[in-house]
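A quick note: this is a predicted structure, and the numbers were derived from the prediction, not measured.
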Amino acid sequence: MRHIVELFIRCIHLIAAIVWFGGVVFSTLIAMPIVRQNLPAQDLLEIHNRFRHWIRLMINMLLLTGGIVIFIVAWNNDMKLSAEYMIYSAAKLVAFGLMALFWGLYSSLYRRHLEAAQPNSSVIVPRHINVFGHLTLFSGLIVFALALLLRN
């Protein structure tokens, strides 16, 4: 039964990571650049607000299940974790924090820009807003690289 619960928690963690990072990739690189050309600011704001709620849920799921996974690994090793595992875990948490910070900055600046735009006009997003979206993607790749290091 313990192994089933462990696999279930790890699956939830992996699914939340894929949904969040995949959503950020899709939103930043594909959807928003294409949709911006065809929809007015009011519709873009509505789409962005819906997406934001899912992202917040995924961030909380990742933090919760990540903490549980670290506890499971410690429990399976008689509560003794190697220094290397703890360093990689701390680095992954820092990279995750940066990713969440960059996403928050991107999301809030993008939302503020959409709110200030004319409701039925097309939207041109300034470069400084897109930089935070790309920094989110870069820090997400670092998180996944550290996750792979933790698996070994």
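Shown are I47, D43, N49; of these, the side chain to side chain contact (heavy atoms under 4.5 Å, CB included) with L45 is made only by N49. Among F51, Y110, F96, F138, the one residue that satisfies the ring-ring contact (aromatic ring centres under 6.0 Å, His included) test with W103 is F51. Partner R50 forms a side chain to side chain donor-acceptor pair (under 3.5 Å) with one of E46, H53, H48 and no other, that one being E46.
Across every non-hydrogen atom of L98 and S139, the tightest pair is C-OG, 4.2 Å. Listed here is the closest heavy atom pair of A16 and M58: CA-SD, 3.7 Å.
Going from atom CG of L64 over to atom CD1 of I68 covers 4.0 Å, rounded to the nearest 0.5 Å. Residue L7 holds its CG atom at 11.5 Å from CG of L14, rounded to the nearest 0.5 Å. Rounding to the nearest 0.5 Å gives a distance of 10.5 Å between CD1 of I34 and CG of L29. Atoms CG and CG, from L109 and L114 in turn, are 11.0 Å apart once rounded to the nearest 0.5 Å.
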Would W20 and M61 satisfy side-chain contact (heavy atoms from CB on, under 4.5 Å), going step by step from the backbone distance to the final call?
-> CA-CA 10 Å; W20 183 30; M61 291 290 290; over 6 Å; no
Apply side-chain contact (heavy atoms from CB on, under 4.5 Å) to the pair S89 and I70, showing each step before the final yes or no.
-> CA-CA 8 Å; S89 293; I70 289 175; 4.3 Å; yes
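Applying the side-chain hydrogen bond (donor to acceptor under 3.5 Å, both in side chains) test to every pair with at least one member in residues 123-137, sequence neighbours left out, gives no pairs at all.
For R2 and E6, the salt-bridge test fails: no basic side-chain N is under 4.0 Å from an acidic carboxylate O.
The environment of CZ in R112 is sparse: at most 12 heavy-atom neighbours from other residues, nucleotides or ligands sit within 6.0 Å. Crowding of E115 atom CD: a count of heavy atoms from other residues, nucleotides or ligands under 6.0 Å exceeding 12.
Applying the ring-ring contact (aromatic ring centres under 6.0 Å, His included) rule to Y88 yields no partners; only residues at least two apart in sequence or on another chain are considered.
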